[in-house]
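See below for the structure under consideration.
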Amino acid sequence: MKFAQIIHPYSPVAKGTGQHGVVLPNRLKFDGARKQALETSRNRLLVTGALFVLAFMIIGGRVIQLSLNNVRVDIASNKLVHVDKILKVRADITDRNGILIATSLPTAALYANPQQILDLDEAVGKLTSVLPGLNPSKLYQLLSKNQKFVWLHRNLTPKLQFAVNALGIPGLNFQQAERRVYPHGSLVSHVVGMTDIDGKGLSGLEGYFDNQLRDRRQPLRLSLDVRIQALVRFELENAMEKFTAIGAVGIVLDVNTGEVISMVSLPDFNPNKPITAAGVAGFNRATKGVYEMGSTFKLFTSAMALDTGRVRLADRFDARKPIKISRFTISDYHAKNKWLTVPEVIVHSSNIGAAKIALEVGTNTQKRYLKRLGLLSPARIELIEVGAPLSPDLWRKINTMTISYGHGIAVSPLQLSLGVGALVNGGVLLKATLLKLGKESKLGGIRVIKGKTSQVMRDLMRLVVRQGSGKRAEVPGYFVGGKTGTANKPGKRRKGYQTRKIISSFVAAFPTNAPKYLVLALLDEPKGIKETQGLSTAGWVAAPIVQKIIRQMVTIVGMEPSTKTEKKIVPGNVLFIPPSVRSPQKLTSAHRQLSDLEKKVDELLFSTNKRRGRLVATN
């Protein structure tokens, strides 16, 4: 070791020598073993410091990495939260009286970060023990993915959420969500529709008003009355089972506002279980299905003929023989084999008479009126599922004749209901709506026939129930008027008709003196039974359904029966329908006189109207 001199200013040596202080070394110099030991110590300190720096850098980097991972998860979570916020504002749906039809309930959704799962086998075992619906193999695959986010289970109840949370499995998390619930199950399924698992509307009103339901706070109030809806569905379901039909439709309409009070299509589905909507159950026959509606179209034929003035009620049409045109033959199901007035054509449901009335109207006028009545374009209503009617591309004479009695044109049950509603409400075609209208709502509408024509049509429809094929729809005190419709279903590829497969329907309005409601019942392919003498026509299978609906419905809506007595329709009245006589032995003197008179009239008409088969009334 070597010392350099350093003089201390207060040392005795410094005072005596004149120097300032003791001479001390100003630095130390080590050599040999001591120098080597010093260097070694210094090197160790440098290495140790470097290691500490490196360790802190590694720890810092890991912290940054974890922070970035959390940011990604937060971003994903934020997206989910955003979706949930949208779901949470989806409005309820109620019927016209405020009864809940659709709502959203809070639920939890289970998701996982597979990279945080420590023991995969243990996690799978525990989760499947609490959630038996999970498939173990699929769950194992999900948790084995090299991802940071996978869905495991949706719509957990609070009880299940607690049970999963109690498992204490790291990497599992919950996302608050909502589930759309339909308290009435299948009762209003085709009208309300359903949503997907993320709360997006798929069908029905849920699909049509999807954006509005997400944004609004107040419930969406419908025109439907769930009490009447339940009644209509119950009667249709019973009739379907009784007559082994493959489908059914029921509609109740307020003819003065266009509000749909009830709309049922069977078979239906449970929107709480979307899988039940697969196949024919998800098909809305009331608005999407189009059918040849048969003799109900005779109402439209008569209305346009009377409205134009080309035909009057007392005009007679030759219905003694079938009409042969080209390779087609038009005949009557219950042939009367005589000349028929317009009321008789309607009451006896004569195809021959309707065809001849249509010829008087003409093809162009027929098309114009059908278009006015909304029968040549899709119905307007707040649903996605709306079918387009089928009509001839080339409208020939034979089409004019067959369309007069509801063949060769196919419309939806809703279109038919709206059209008949216009015939009885004073002549105005209204837009159908599934929303409840306020007292100050503007109805609008298009006038399609004159008011006096509408009054005549109400009288004719009442006549069908009093004396015609609609007798089984009578409800005393409510003056029900209607029309039966029985139509053979088209064959495969719409070639020809199937003789044993029919559509039977009955459309009614009541009370005919001041119409308020329209009721339609339709059965698809009903089968005759012993009670109906093996028949499955509308008067036997559809009219009784309407009668049952009206009889119970009037109590629900608080409509009291009328105490007025209807006037008897006597000979001389243009609406008078001569009684049908089945057996010559049962003829009374009055019937004989009437029969003889009809024969003379028929001879006169045949000799003067051979070509046209029509006599214009002169009174």
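Only this structure's heavy atoms are used, side chains among them; waters, hydrogens and symmetry mates stay out.
With contacts defined as side-chain heavy-atom distances shorter than 4.5 Å, the pair L266/E237 qualifies. The shortest distance between side-chain heavy atoms of F576 and I569 falls below 4.5 Å. Residues R462 and R458 have side chains not in contact (no heavy-atom distance under 4.5 Å, counting atoms from C-beta outward). Side-chain contact between I381 and V260 is present, with heavy atoms from C-beta onward closer than 4.5 Å.
Heavy-atom neighbours of R466 CZ from other residues, nucleotides or ligands within 6.0 Å: above the threshold of 12. By the 6.0 Å contact criterion, CZ on F283 is enclosed, its count of non-hydrogen atoms from other residues, nucleotides or ligands being greater than 12. The number of heavy-atom neighbours closer than 6.0 Å to NZ of K489, taken from other residues, nucleotides and ligands shown, is above 12. The neighbour count for R396 CZ, taken as heavy atoms of other residues, nucleotides or ligands under 6.0 Å away, does not exceed 12.
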Are V420 and K483 close enough, and set up right, to give a side-chain contact (heavy atoms from CB on, under 4.5 Å), and what steps lead you there?
CA-CA 10 Å; V420 175; K483 184 70 187 79; over 6 Å; no

Verdict with supporting geometry, D307 and Y369, side chain to side chain donor-acceptor pair (under 3.5 Å)
CA-CA 10 Å; D307 199 59; Y369 268 89; 2.6 Å; yes

Please evaluate residues M263 and T287 with respect to the criterion side-chain contact (heavy atoms from CB on, under 4.5 Å), reporting the C-alpha separation (whole Å), side-chain torsions for both, the decisive distance (0.1 Å), and the verdict.
CA-CA 9 Å; M263 179 184 288; T287 59; 3.8 Å; yes

Please step through side-chain contact (heavy atoms from CB on, under 4.5 Å) for the pair L231 and I556, ending with a clear verdict.
CA-CA 10 Å; L231 164 63; I556 295 173; 4.3 Å; yes

Report the C-alpha separation of S349 and S295 in whole Å, then their side-chain angles, then the decisive distance to 0.1 Å, and conclude whether the side chain to side chain donor-acceptor pair (under 3.5 Å) test is met.
CA-CA 7 Å; S349 202; S295 294; 3.1 Å; yes

What's the verdict on side-chain contact (heavy atoms from CB on, under 4.5 Å) for T341 and L313, showing C-alpha distance, side-chain angles and the deciding distance?
CA-CA 6 Å; T341 62; L313 283 174; over 6 Å; no

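Contact between G250 and L236 at its shortest, heavy atoms only, is N-CD1, 3.3 Å. Closest heavy-atom contact between P413 and V249: CB-CG1, 3.8 Å. Residues H190 and S265 come closest through the heavy atom pair CD2-O, 3.2 Å. Residues V386 and P378 share a closest heavy-atom pair of CG1-CB, 3.9 Å. The nearest pair of heavy atoms linking L376 to Q415 is N-NE2, 4.5 Å.
Among V252, I99, N97, the one residue that satisfies the side-chain contact (heavy atoms from CB on, under 4.5 Å) test with D225 is N97. With respect to K516, the side chain to side chain donor-acceptor pair (under 3.5 Å) criterion is satisfied by exactly one of D254, N256, N425: D254.
Here the side chain of K298 pairs no donor or acceptor atom with the backbone of A354 at under 3.5 angstrom. Under a 3.5 Å cut-off, the side chain of T532 and the backbone N or O of G528 do not form any donor-acceptor pair. For the pair D315 (side chain) and R312 (backbone), a donor-acceptor distance under 3.5 Å is present.
Here D95 does not pair with R227 in a salt bridge; the nearest charged N to carboxylate O distance is not below 4.0 Å. A salt bridge links E382 with K431: the distance from a Lys NZ or Arg NE/NH1/NH2 to an Asp or Glu carboxylate oxygen falls below 4.0 Å. Under the 4.0 Å criterion applied to side-chain N and carboxylate O atoms, E474 and R551 are not assigned as salt-bridge partners.
Checking S262 against Q229 by side-chain atom types alone, a donor-acceptor pair falls below 3.5 Å.
Under the 30°/60° scheme for interplanar angles, the aromatic rings of F300 and F297 are found to stand perpendicular. The aromatic rings of Y478 and F510 sit perpendicular to each other, their planes meeting at more than 60°, with 30° as the lower class boundary.
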